[in-house]
Amino acid sequence: MFEQFTQRLDNLSNGLVLRAQRQQVIASNIANADTPGFVARDFNFAQALQDANAGITHGTDPTATHNRHLRLTTSETGTGNQLAYTVQTQPSLDKNTVDMDRERANFTDNAIRYESTLRFINGHVKTMLSAIQGQ
Amino acid sequence: MSMFSIFNVTGSAISSQAQRLNVVASNLANADAVAGPDGKAYKARQVVFETVPMGSQAAQGVKVQNVFESDVPNRKVFQPQHPSADAQGYVTHSNVNPVEEMVNMISASRSYQNNVEVMNTAKNLLLKTLQMGQ
């Protein structure tokens, strides 16, 4: 019963973690806009969110080789090795593939989506509180 | 704590760009310098950036890997009456190209501004995150 209350909150928090991670990836791209040979990174947000909601973790998950080994689960939602390389729009002499216009647009877009996810969470918390209080 | 590492990443970028700006300032200041008593004139300096991993795969900072001196030949001007002229009457000037340096300066200052903006956005997002559930 109570899971139905928190299910949506779990999905939203997965989204928030992934938004924060994408924000970090884009910040790294902007920071390295003048580094020779740097290749811009990004990840498929929809796929990552689907995986996170389905409980699929990426990264170094220790495998148990004995049935009495304790199960270690990586609780953190992570993009792991899902990070991909962006396609170069305009070739440059120093082999840097950061497209500043695209990164700036992605950064602003991601910031707004992060904030809207936050608002959804806040709204959800308010709804739950009023349901609990029953007033 | 992934959002906090944005500050490390953009901070490293800002300090690298500031160093680049510093080098440009020193090049421009010495653009008209002539060879001193040792016969060697000022050589333009350039910085080389390098990516530094910061904790995770997603966080990639920047650092200045090296400051190298340009090997463009120094400008020689025929000025026999100049006190620093050599035996043939030539004065060796620095090899700074002021136009290149100005372009470099604009590029560095734009990158600096971009990173400051990234930092401000990250700060605002974190402050809003603090108010979650209120």
Side-chain angles (χ1 to χ4, degrees), chain A residues 9 12-13 16-43 58-60 76-83 94 96 98 100-101 103-104 107-108 110-126 128-129, chain B residues 1-17 19-21 46-66 104 107-134:
Chain A
L9 207 56
L12 284 172
S13 71
L16 196 70
V17 169
L18 283 171
R19 283 284 168 217
Q21 226 157 54
R22 180 147 189 257
Q23 198 76 353
Q24 191 189 343
V25 172
I26 300 171
S28 299
N29 288 346
I30 294 178
N32 281 287
D34 295 321
T35 311
F38 181 82
V39 185
R41 312 293 297 268
D42 206 346
F43 62 87
H58 294 269
T60 50
E76 196 187 347
T77 315
T79 47
N81 35 24
Q82 280 187 304
L83 277 185
D94 62 357
N96 185 304
V98 178
M100 190 49 103
D101 301 325
E103 298 302 336
R104 285 289 300 269
F107 190 81
T108 315
N110 200 57
I112 290 172
R113 283 171 199 271
Y114 181 92
E115 221 180 302
S116 46
T117 310
L118 262 181
R119 285 199 191 185
F120 290 143
I121 290 176
N122 282 338
H124 193 68
V125 168
K126 283 209 177 76
M128 286 210 299
L129 280 178
Chain B
M1 290 294 101
S2 58
M3 280 284 264
F4 278 105
S5 66
I6 291 184
F7 293 115
N8 297 336
V9 170
T10 50
S12 73
I14 284 175
S15 89
S16 303
Q17 296 293 348
Q19 196 168 340
R20 180 177 170 201
L21 216 51
Q46 304 290 346
V47 293
V48 184
F49 289 153
E50 189 186 43
T51 306
V52 210
M54 289 189 157
S56 75
Q57 206 186 7
Q60 311 266 351
V62 197
K63 74 166 188 192
V64 173
Q65 174 208 44
N66 187 18
N104 212 350
S107 169
S109 105
R110 288 280 177 262
S111 296
Y112 192 102
Q113 286 172 20
N114 273 330
N115 280 297
V116 170
E117 211 163 299
V118 167
M119 211 182 237
N120 276 331
T121 310
K123 188 192 96 178
N124 285 336
L125 289 180
L126 279 171
L127 284 178
K128 291 206 169 101
T129 313
L130 267 183
Q131 296 169 353
M132 195 198 300
Q134 286 178 8

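All chains are named by letter (A, B, ...) in the order of the sequence lines, taking the proteins before the strands, and each is independently numbered beginning at 1. The structure presented is a predicted model; accordingly, all values stated were derived computationally and were not measured.
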**Complete:** Per-residue tally against chain A (heavy atom, under 4.5 Å) across B:Asn114, B:Asn115, B:Leu126 peaks at B:Asn114
**Prompt:** chain A heavy atoms under 4.5 Å from B:Thr129: which part of the residue, side chain, backbone, both or neither?
**Reply:** both
**Message:** Quick one, A:Leu16 and B:Met132 - any side-chain contact, counting heavy atoms below 4.5 Å?
**Reply:** yes
**Prompt:** Does the A:Asp34 side chain pair with the main chain of B:Ser111, one donor and one acceptor, at a distance under 3.5 Å?
**Reply:** no
**Message:** Just verifying a value: how many Å separate A:Asn32 CG and B:Thr51 OG1, rounded to the nearest 0.5 Å?
**Reply:** 4.0 Å
**Prompt:** Distance from B:Leu125 atom CG to A:Leu118 atom CG, nearest 0.5 Å?
**Reply:** 7.5 Å
**Request:** Could you look at A:Ile121 and say if it's the side chain, the backbone, both or neither that has a heavy atom under 4.5 Å from chain B?
**Result:** side chain
**Prompt:** Do B:Glu117 and A:Phe107 touch side chain to side chain, with heavy atoms closer than 4.5 Å?
**Reply:** no
**Prompt:** Is the count of non-hydrogen atoms from other residues, nucleotides or ligands lying under 6.0 Å from A:Phe120 atom CZ greater than 12?
**Reply:** no
**Request:** Would you check if A:Glu115 and B:Asn124 make a side-chain contact, meaning some heavy-atom pair closer than 4.5 Å?
**Result:** no
**Message:** Quick one: does any side-chain atom of A:Ser28 pair with a main-chain N or O of B:Ala58 as donor and acceptor, under 3.5 Å?
**Reply:** yes
**Message:** Report which part of A:Ala33 has an atom under 4.5 Å of a heavy atom belonging to chain B: side chain, backbone, both, or neither.
**Reply:** neither
**Contact summary for B:Ile6 and A:Ala27, nearest pair of heavy atoms** = CG2-CB, 3.9 Å
**Request:** Identify the heavy atoms of B:Thr121 and A:Gln23 that sit nearest to each other, and give their distance.
**Result:** CG2-NE2, 4.1 Å
**Fill in**
Closest non-hydrogen atoms of A:Ala31 and B:Gln60, given as atom of the first, atom of the second and distance, are CB-O, 4.5 Å
**From B:Gln65 atom CD to A:Thr35 atom OG1, the distance as rounded to the nearest 0.5 Å** = 10.5 Å
**Request:** For each of A:Glu103, A:Arg104, A:Arg119, A:Met100, tally heavy-atom pairs with chain B at distances under 4.5 Å, and name the one with the top tally.
**Result:** A:Arg104
